[in-house]
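Notes to accompany the following structure.
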Amino acid sequence: MSRVKGFISFEGIEGSGKSTQAKRLAGYFRSGGQKVIDTVEPGGTGIGQKIRELLLAPQNHMEPLTELLLYYASRAQHVREVIYPAILNDTIVITDRFTDSTVAYQGYARGIDLKLLSRLNEIVNPDLKPFLTFLLDLDVEEGLKRNRKASKEDRFELETVEFHNRVRNGFLKIASEEPDRVKVIDASVSPDRVSEEIIKVIEEQWH
Ligand code: TMP
């Protein structure tokens, strides 16, 4: 699978600020006159939005395999309906979460076999890898505190601190395995400082 130049993802634990930063980076490219869309997983399409509601509703008791397949279902739709057409139209795509989230949450945190994830990925998304992934890294308790302040409480926010630490460490493991693609950004500082770090990486890597 090859990295696709016009494709960027943001990853991180709850409350890491990736949605804000994804939108800011889209604004940066737009003001430079480039075509860009910012999108989100799960979601990004009408069907994906419905799947998102199913996945995040706190009252749903969901089997880990059901959860995994719903994330892949959302991605199958998103890749074909939104991401491929945009890239073919020379539009930069910035997504708030992608495959690394599945590896971190369903793989490292829920404990589903990484080989199964990789087989599903081959089916759902055989040839699309972000050119750059920004991993906004943050202490788990700090992230959950930020989200509680914003009154966000979905099915994942109700998980234990240990679960979220497995997610964080999973992301860091992915980053250590693919340092060229995944750039770890300290998300504990102000949003402006985080943006500066991101733009610095873009200026170094985007020729
Ligand atoms: P968000 O609130 O950051 O948009 O993400 C929705 C939740 O879905 C978040 O708790 C992470 C989780 N998630 C997974 O567990 N697996 C995935 O593949 C994706 C894309 C998200």
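Just so it is clear, the model here is predicted, and its values are computed rather than measured. For ligands, and for the atoms within them, numbers begin at 1 and follow the listed sequence. Note: hydrogens, waters and symmetry copies are ignored here, and every other heavy atom, side chains too, is used.
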Checklist entry - Quick one: salt bridge (Lys or Arg N to Asp or Glu O under 4.0 Å) partners of Asp127, sequence neighbours excluded? => result none

Checklist outcome for this item: For Glu41, the ligand 1 atoms with a heavy-atom partner under 4.0 Å come out as 20 (C)

Item to check | Residue-ligand contact Glu67/ligand 1, heavy atom below 4.0 Å | outcome: no

Checklist outcome for this item: Logged contact type for Arg75 with ligand 1, heavy-atom cut-off 4.0 Å, is side chain

Next on the checklist: For Val93 versus Ala86, what's the shortest heavy-atom pair and its separation?
Outcome noted: CG2-CB, 3.6 Å

Checklist entry - Does the N or O separation between Thr102 and ligand 1 drop below 3.5 Å for any pair? => result yes

Next on the checklist: Is Arg52 close enough to touch ligand 1? Criterion: a residue heavy atom under 4.0 Å from a ligand atom.
Outcome noted: yes

Checklist entry - Do Lys200 and Glu204 sit within salt-bridge range, that is, some charged N less than 4.0 Å from a carboxylate O? => result no

Checklist entry - Looking at ligand 1, does Leu56 have a heavy atom less than 4.0 Å from it? => result yes

Checklist entry - Which residue from Glu14, His78, Lys18 reaches closest to atom 3 (O) of ligand 1 through any of its heavy atoms? => result Lys18

Item to check | Steps toward side-chain hydrogen bond (donor to acceptor under 3.5 Å, both in side chains) verdict (Arg97, Thr102) | outcome: CA-CA 9 Å; Arg97 297 195 183 281; Thr102 317; over 6 Å; no

Checklist entry - For the atom pair OG (Ser188) and CZ (Arg193), what is the distance rounded to the nearest 0.5 Å? => result 8.0 Å

Checklist entry - Which pairs count as ring pair (Phe, Tyr, Trp, His ring centres under 6.0 Å) when at least one residue sits in residues 80-104, sequence neighbours excluded? => result Phe7-Phe98

